[in-house]
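Notes for the one structure printed next.
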Amino acid sequence: MVFAASETRFPSPTTTAAGSGSAPSHAALPGAIDALKRRRNAVILAHYYQSPEIQDVADFIGDSLELSRQAAATDAEVIVFCGVHFMAETAKILSPAKMVLLPDLEAGCSLADACPADAFAAFRAEHPDHLVVSYINCSAAVKAQSDLICTSSNAVRLVQQLPAERPILFAPDQNLGRWVAQQSGRELTLWPGSCIVHETFSEEAVLRLKLEHPQAEVIAHPECQPNLLDLADFIGSTSKLLARAAASPAPGFIVLTEPGILHQMRRQVPAKSFYEVPGLDGCSCNACPYMRLNTLEKLWHCLETMAPAIELDEAMRLKALAPIQRMLELSV
């Protein structure tokens with residue numbers, strides 16, 4: 001079942017200034033970033049949805065949780081997370097002794113922002129007997145109110161392990177929640193959030209691409225709306241979509257997720273074709289505007305100035321860490 005959320009005002013995804021420092025020329029930035037990274041003993045993480053040029057200078061590329069775990073395992077003193085705010089928070093939760101930098105603090109997330117901690121607390125109070133399972137795409141303050149964190153890769157498996165007699169509240173993505181409920185056979189009470197990127201795909205465009213490329217598979221992230229998932233040949237997390245592109249015998253793929261992943265798909269499987277699905281109004285508007293706030297200039301500047309840094313209240317960090325640790329325990 002779905003309950004209405006309180007109205008949320010999303011931050012405007014406008015580009016902020018890189019700072020007062022004078023960056024090298026654009027062509028010289030990759031080398032300058034590499035030199036600064038070594039000097040700072042830093043590791044650079046890039047989510048799959050970052051621009052190709054940022055992915056190309058990163059030490060690790062992947063989904064948010066796996067990136068944070070990889071960074072925690074290194075001896076780097078500084079983590080630069082080229083992603084969005086909740087991802088950098090997750091890195092700080094797992095690596096409290098490391099400095100965590102985010103190139104642009106305005107790089108938020110429509111999904112996380114649509115689930116403010118105070119409204120979520122009120123929603124939880126209406127369902128006091130429910131176990132709270134939160135998708136990792138949420139703020140540290142919402143993680144701290146959760147019993148269990150999940151990813152799109154493990155959500156179904158984790159929900160299936162929860163006691164059958166306990167009702168479950170799932171937040172913040174209702175599309176992912178519906179898919180998890182369908183796959184797990186569990187009824188979920190859903191917080192009604194959604195990702196602006198995965199809400200913009202055009203069903204008509206998918207059908208047209210299927211006609212133009214009949215041998216291509218439609219692969220989709222479970223944050224997409226149900227009508228789009230119904231058209232998919234394969235549904236999975238971003239990393240699973242990448243693995244599917246490599247493993248499937250299909251010669252091409254119609255990709256229903258943020259188009260940043262196509263850079264890695266084309267690098268890893270250059271002999272295959274990948275088709276980006278346009279948005280509802282026909283534009284290529286499914287690139288996340290928040291992810292794309294990070295630029296090479298801002299990446300250089302944050303390493304130069306060691307700012308902006310992510311800071312978390314320690315009591316909140318520990319509360320947010322507990323459901324992540326529970327997830328890791330259940331995932332073994």
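For the numbers below, each heavy atom of this structure counts, side chains included, while hydrogens, waters and symmetry mates do not. For reference, positions follow the sequence shown, starting with 1.
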Taking the side chain as every heavy atom from C-beta outward, state whether F274 and V269 have any atom pair closer than 4.5 Å. yes
Using a strict cut-off of less than 4.0 Å between a Lys/Arg side-chain nitrogen and an Asp/Glu carboxylate oxygen, indicate whether D313 and R317 qualify as a salt bridge. no
Is there a side-chain contact between Q182 and L188 in this structure, where contact means two heavy atoms from C-beta onward sitting under 4.5 Å apart? no
Do Y48 and T257 have side-chain N/O donor and acceptor atoms under 3.5 Å apart? no
So does L242 get a backbone contact from the side chain of Q264, meaning a donor-acceptor N/O pair under 3.5 Å? no
Salt bridge or not for E217 and R244, using N-O below 4.0 Å? yes
Under a plain distance cut-off of 3.5 Å, with no hydrogens placed, do R178 and Q174 share a side-chain donor-acceptor pair? yes
Counting neighbours of CZ on R40 that are heavy atoms of other residues, nucleotides or ligands and sit closer than 6.0 Å, is the number greater than 12? yes
Consider only side-chain N and O atoms of Q160 and R186, and report whether a donor and an acceptor are under 3.5 Å apart. no
Hydrophobic cluster identity match, M87 and M316, side-chain contacts under 4.5 Å: no
Does a donor on one side chain sit under 3.5 Å from an acceptor on the other, for Y275 and E212? no
So Y49 and H198, would you call those rings parallel, tilted or perpendicular, with 30° and 60° as cut-offs? tilted
Return yes if some donor-acceptor pair links the side-chain N/O of K143 with the main-chain N/O of I324 below 3.5 Å, else return no. no
Check whether I79 and L105 end up in the same hydrophobic cluster, where Ile, Leu, Val, Met, Phe, Trp and Tyr are linked by side-chain heavy atoms less than 4.5 Å apart. yes
E223-N175 side chain donor-acceptor pair, cut-off 3.5 Å: no
I44 vs C82 side-chain heavy atoms within contact, under 4.5 Å: yes
Separation between CG of N294 and CG of L102, rounded to the nearest 0.5 Å: 5.5 Å
Could you check Y135 against L111 for side chain to side chain contact (heavy atoms under 4.5 Å, CB included), going step by step and ending with a plain yes or no? CA-CA 10 Å; Y135 184 28; L111 180 57; 4.0 Å; yes
Just so I know, are the side chains of D147 and P323 near enough to count as touching, which here means a heavy-atom distance under 4.5 Å? no
Is the closest side-chain heavy-atom distance between K272 and P251 below 4.5 Å? no
Do E204 and L207 come close enough that some side-chain heavy atom pair is under 4.5 Å? no
Could you check whether any side-chain heavy atom of L228 comes within less than 4.5 Å of a side-chain heavy atom of E203, counting everything from C-beta outward? yes
Could you go through E314 and K319, starting from their C-alpha distance and side-chain angles, then the distance that decides it, and tell me whether this counts as salt bridge (Lys or Arg N to Asp or Glu O under 4.0 Å)? CA-CA 9 Å; E314 181 62 7; K319 287 181 180 178; over 6 Å; no
Have S110 and D113 got a donor and an acceptor in their side chains that come within less than 3.5 Å? no
K98 backbone acceptor or donor facing S95 side chain under 3.5 Å: no
Go through the steps for S64 and F86 under the test side chain to side chain contact (heavy atoms under 4.5 Å, CB included), then give the verdict. CA-CA 9 Å; S64 59; F86 80 79; 4.1 Å; yes
Test item: side-chain donor near acceptor, H263 and Q268, under 3.5 Å: no
For a ring-ring contact (aromatic ring centres under 6.0 Å, His included) check, start with the C-alpha distance between W191 and F170, then their side-chain angles and the critical distance, and finish with the verdict. CA-CA 6 Å; W191 174 271; F170 188 93; over 10 Å; no
Under a 4.5 Å cut-off applied to non-hydrogen side-chain atoms, are E89 and V100 in contact? no
